[in-house]
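Just so it is clear: chains get the letters A, B, ... in the order the sequence lines come, proteins before strands, and each one is counted from 1. Since the structure is predicted, the reported quantities are computational estimates derived from the model, not experimental observations.
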Amino acid sequence: MLHCLAVLSSPNTLSCPKLHETSNGTTVWTSYDKSSLLYNFNSPSELKQVQALLIKTSTPLSVLPLSRVASVCAFSSSFPHAQKIFHCVNKPEVTVWNGCLRSFAESSSPFDAILLFCQLRKYDVLPDSFTCSYVLKACVQLLDLLHGRNVHDYMEKLGFQSNLFLQNMIVHLYASCGKIGDAKLLFDKMHQRDVVTWNIMITQFAKRGDINAASQLFKQMPERSVRSWTAMVAGFVQCGKPKEAIELFMEMEGAGLRANQVTVVAVLAACADIGALDLGRRIHEYSNRSGYQRNVRICNTLIDMYIKCGCLEAARVVFENMDERTIVSWSAMIQGLAMHGQAMEALELFSKMVQTGTKPNGVTFIGLLHACSHMGLVEKGREFFVSMSRDYGIAPRIEHYGCMIDLLSRAGLLEEARQFIKNMPLKPNAVVWGALLGGCRVHNNIELAEEAIVHLNELDPHNDGYYVVLSNIYANAKKWENAAKVRKLMRDQGVKKTPGQSSITVAGLVHEFVACDESHPQVKEIYASWENLLQQLRLKGYVPNTSVVLLDIEEAEKEKILYHHSEKLALVFGIINTPPGETIRIMKNLRVCEDCHAAFKLISDVVNREIVVRDRNRFHCFKNGTCSCKDYW
DNA sequence: GTAGGGTTAG
């Protein structure tokens, strides 16, 4: 039988739903307008209108969407009214509120879940374990320790001490709110733990930089899931131990476990850090085979990995093939172009990004400012610095000031850079003064360098890099007594110069070299080859630049040191051990030295090879006698 | 219907 309900009170807002009696005698809606007030009431008073309509038409209350009833009445005096409705339709009250709590906890304002939880207590609704889990979820989202502790106390009263789910959430809450000690106490006291409990503790210790504690737990845990291995691999990466991350990943593979999407991100990040291109490529293939191509975070990490391994083109391919890009994808690509000295391309990419409607963030501007400073685009850099706050409401952070000082000082605008530091609203840090010092090295300004070092001596007294630069400036001006004083200062403060170290991967094996290295098995061959190459370089006009050697010693001695710089040894090793024409990739822990830079340009021509060098700041791609940095670095 | 992980810079 079909009933057609008359629209009674409000013909404009209530459409005409139809009731249908089914064969077993129950009555259901068969046709209705989803936009009707019946399903879209927005306030307790509209709800009451709907109820009036239902009563007039003898329609059961059970047709009401109860979750909507709950959310409309959650924060008003109609709370008891909603309770009555749930009671009438025989629906366990707490389950309806739980649904509501869950959606609040997962919404953009999780605090609503906490408010609703307070309402439940006020109106004597007895929470169950699900109620607690949803409100705890909100507390974790908000890092709200105060309410979290409250819920914890209440849970104890309710007797949920042995609920493993909730215990795990509490441990997670304390740890993520910075109370790792409290979390560990709870963890130690727990009568029962599962793999999730252990994973939470491992992740949180690693997040707080205590990789040893994480590692210890990982060794102790009775059983490990892929997530446990992943937490540990990611932990090593976060704590600046990419080598350990890769070793552990290999062990995980050896144990026959398959990497999931998060493992892939962690391993790729480790590859990016140490420039492990071969492994990175293998993981990329594995990721594609596993169907992870559409995972944005994996794509973003792939872009970063290829960039940091010197394969700008491969990064571009990944970027171009993404159907959906986030601000991270664009920022990573912009930063990559900057590192490779392609400033104009970085700026063009930024314009494209803005055209697609993606809003930049603070990191995007760091990339843009890097691009400008690596290529000397002073005016563009100034524009970006103004634009970031004016057009995008992003307040410059200390890193942005650091980039600006770097930009100005490299370009030789040292006095302006100094004024910029004086006028900045933030307290200048070591990076800022270090940038000024770097500019002084390029432009041989002793006076300003001495001013910078006073601040650096205070802000970061154990960083050897700054003293080395100052000593370099003195040596360059042949002020040997001053250079000696700097070295004495270093000795007095117990600061040692970080030895230059270069590495190259051949046939999957990493070969590391330090200056004047004699430990490599092929050392004789390398030195002989270098002598040979040197003859050819001299014919091309190479003159050794001994001013980069800090010591006041004989020229011949200086040349010998210069010829055995780690990057030169790595390069010669690469030339001997790879087929002609193959690109040689070298990684250096410090900045590439000026003499090596000049030599590499000529060598790229002599041996007809592309040589890609990643130093601590950027990439140099040597090809046909020139470098991609256009000698501005 | 409840718990644990990941990306750009620094």
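Side-chain contact between A/S329 and A/M333 is absent, with no heavy atoms from C-beta onward closer than 4.5 Å.
Listed nucleotides B/dG6, B/dG10, B/dA9 differ in distance to A/R397; the shortest reach to its side chain belongs to B/dA9. For A/F130, the listed nucleotide lying nearest its side chain is B/dG1; candidates were B/dG6, B/dG5, B/dG1. Counting only heavy atoms from C-beta on, A/R297 has its side chain closest to B/dG6 among B/dG5, B/dG6, B/dA9. Listed nucleotides: B/dG6, B/dG1, B/dT8. Nearest to the side chain of A/Y134: B/dG1. Distances from the side chain of A/V262 to the nucleotides B/dG5, B/dG1, B/dT2 place B/dG5 closest. Closest approach to the A/T263 side chain among B/dG10, B/dG5, B/dT8 is made by B/dG5 (side chain taken as heavy atoms from C-beta onward). Between B/dG6, B/dA9, B/dT2, one nucleotide has an atom nearer to the side chain of A/L166 than all others, and that is B/dT2. Considering only the side chain of A/S133, B/dT2 comes nearest among B/dA9, B/dG5, B/dT2.
One can place CG of A/N361 at 9 Å from C1' of B/dA9, the figure rounded to the nearest angstrom. When rounded to the nearest whole Å, the span between CG of A/L136 and P of B/dT2 equals 15 Å. Atom-to-atom, CD of A/E399 to P of B/dA9 comes out at 12 Å; the value is rounded to the nearest Å. Residue A/F104 contributes atom CZ, which lies 16 Å from atom C1' of B/dG1 at whole-angstrom precision. Counting to the nearest Å, the P atom of B/dT7 and the OH atom of A/Y306 are 19 Å from each other. For the pair A/Q261 CD and B/dT7 C1', the computed distance is 13 Å after rounding to whole Å. Atom pair A/K137:NZ and B/dT2:P shows a separation of 8 Å (rounding to whole Å applied). Between A/F165 atom CZ and B/dG1 atom P the separation is 12 Å, expressed in whole Å.
For an aromatic pair to be called close, the ring centres must be under 6.0 Å apart, and A/W97 with A/Y134 fails this. You'll find the ring centres of A/W229 and A/F218 inside the 6.0 Å limit. Ring-centre distance between A/H152 and A/Y174: below the 6.0 Å cut-off. The distance between the ring centers of A/F111 and A/F104 does not fall below 6.0 angstrom.
Counting distance only, with no hydrogens placed and no angle test, the side-chain atoms of A/R227 and the base atoms of B/dG5 include a donor-acceptor pair under 3.5 Å. For B/dT7, the base has no donor-acceptor partner in the side chain of A/T301 [N/O atoms by modelled type, under 3.5 angstrom]. With hydrogens and angles left out, the side chain of A/N260 and the base of B/dG5 share a donor-acceptor pair within 3.5 Å.
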Checklist entry - Checking side-chain contact (heavy atoms from CB on, under 4.5 Å) for the pair A/I398/A/V432: CA distance, chi angles, key distance, verdict? => result CA-CA 8 Å; A/I398 193 79; A/V432 167; 4.2 Å; yes
Checklist entry - So A/E345 and A/R316, salt bridge (charged side-chain N to carboxylate O under 4.0 Å, His left out) or not? Walk me through it. => result CA-CA 12 Å; A/E345 290 80 352; A/R316 224 192 284 261; over 6 Å; no
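A donor-acceptor pair is defined here as one N or O able to donate and one able to accept, closer than 3.5 Å; such a pair exists between the side chain of A/R325 and the backbone of A/E320.
No contact: A/S228 has no heavy atom under 4.0 Å from any strand. Across all strands shown, A/N163 has no heavy atoms under 4.0 Å from either base or sugar-phosphate atoms. Looking at heavy-atom distances under 4.0 Å, A/N98 makes contact with a base. Residue contacts shown for A/I298 include a base, since a base heavy atom lies under 4.0 Å away.
At the phosphate of B/dG10, OP1 or OP2 sits under 4.0 Å from a side-chain N or O atom of A/H370. Put simply, A/K308 has a side-chain N or O that comes within less than 4.0 Å of OP1 or OP2 on B/dA9. Between B/dG6 and A/K207, a contact under 4.0 Å exists linking OP1 or OP2 to a side-chain N or O.
Applying the ring-ring contact (aromatic ring centres under 6.0 Å, His included) definition to pairs two or more places apart or across chains, none involves residues 244-283 of chain A.
The shortest heavy-atom contact between A/Q167 and A/F160 is NE2-O, 3.9 Å.
If you check residues 167-182 of chain A against DNA chain B, the residues with a heavy atom closer than 4.0 Å are A/N168, A/M169, A/H172, listed by number. A heavy atom lying under 4.0 Å from DNA chain B marks the following residues of residues 236-248 of chain A, by number: A/Q238.
Using cut-offs of 30° and 60° on the angle between ring planes, the pair A/F365 and A/Y392 is tilted.
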